[in-house]
Amino acid sequence: MAHPNRRDVGLLVLRVGTGAVLAAHGTQKLFGWFGGGGVEGTSKAMEAMEAMGFSPGRQSAIAAGLGEAGGGALLALGLATPAAGAAAAGAMAGAVSVHAPAGFFAQGGGYEYPAFLGFTAAAIGVTGAGRYSLDHLTGHVLDRPWVVAVAFLGTALAAAAVVGRRAQDQAAPEPDPEQP
């Protein structure tokens, strides 16, 4: 093999780039960094905006922010990579549900970008962090096959529950304030 470390370098670049984007996006929700609304602003947006419809807003904002910022930071470090990839992919599943009514392409407000981030995070979580990672340095104690299965199954169940509840809430008719 001419370049034995090329795969690991590629995983490092992909992990750090994807993790940094996710972490930055999550810190907007959690801390208001980079022009974000912080927990308070994100909470209000998640509850109030018809397009979002996540309730309760504060818990939804914290969960989304932690999934993005925490999952992204762990992906960038290559630590607990299966759990990090699953957490970030789960957060992006929620974002996809918000953007889905606008169609696929981001140009029209669609879900193209969060879907791409979610699939990339999931792929890294399943593939592993590679040789240039904290997982490798720690002997892969947090990157075992059973961790991959548990992390992705747990995230899939949680995302399905959250997105399903949101869909039910949005489908429920609004109460008429003029009716007694």
Side-chain angles (χ1 to χ4, degrees), residues 5 7-31 33 36 39 42-43 46 52-100 111-169:
N5 294 324
R7 176 178 100 42
D8 294 309
V9 171
L11 282 170
L12 173 66
V13 171
L14 185 62
R15 265 193 9 256
V16 171
T18 303
V21 168
L22 285 162
H25 199 67
T27 59
Q28 288 182 307
K29 290 177 177 64
L30 293 175
F31 310 118
W33 295 355
V39 171
T42 305
S43 300
M46 286 188 151
M52 284 199 206
F54 287 99
S55 181
R58 183 171 183 76
Q59 288 86 342
S60 298
I62 291 170
L66 288 175
E68 293 170 7
L74 290 172
L75 278 176
L77 295 169
L79 181 62
T81 305
M92 292 297 97
V96 165
S97 75
V98 169
H99 293 277
Y111 63 91
E112 172 185 20
Y113 185 62
F116 179 75
L117 286 174
F119 282 121
T120 303
I124 296 167
V126 170
T127 302
R131 194 177 317 175
Y132 306 118
S133 67
L134 291 179
D135 277 339
H136 183 76
L137 189 66
T138 60
H140 298 278
V141 293
L142 300 173
D143 183 13
R144 305 271 188 222
W146 69 268
V147 177
V148 174
V150 169
F152 279 94
L153 178 62
T155 295
L157 293 172
V162 169
V163 171
R165 179 174 177 212
R166 177 180 174 267
Q168 284 179 338
D169 289 349

Ala84 to Leu79 - nearest heavy-atom pair and separation: CB-O, 4.2 Å
Tyr132 and Val9, any side-chain heavy atoms less than 4.5 Å apart: yes
For the student: nearest non-hydrogen atoms of Leu75 and Gly85, plus distance: CD2-N, 3.9 Å
Enumerate, atom names and distances included, each donor-acceptor pair closer than 3.5 Å involving a side-chain atom of residues 17-27, sequence neighbours excluded.
from, atom 1, to, atom 2, distance (Å)
Thr18, OG1, Leu14, O, 2.9
His25, ND1, Gln28, OE1, 3.3
His25, NE2, Lys29, NZ, 3.3
Thr27, OG1, Ala23, O, 3.3
Thr27, OG1, Ala24, O, 2.8

Test log, rule side chain to side chain contact (heavy atoms under 4.5 Å, CB included), inputs Leu12 and Asp8: CA-CA 6 Å; Leu12 173 66; Asp8 294 309; over 6 Å; no
Distance-only check: which donor-acceptor pairs under 3.5 Å involve side-chain atoms of residues 137-145, not counting sequence neighbours?
from, atom 1, to, atom 2, distance (Å)
Thr138, OG1, Leu134, O, 2.9
Thr138, OG1, Asp135, O, 3.1
His140, ND1, Asp143, OD2, 3.4

Where Pro82 and Ala151 come nearest, the two heavy atoms and their spacing: O-CB, 3.8 Å
Straight-line distance of Glu112 CD to Leu117 CG, nearest 0.5 Å: 10.5 Å
Leu11 side, atom CG; Arg7 side, atom CZ - distance, nearest 0.5 Å: 5.5 Å
Student check: side-chain heavy atoms of Leu74 and Thr81 closer than 4.5 Å: no
For Ala93 against Ala159, the heavy-atom pair lying closest together: CB-CB, 4.1 Å
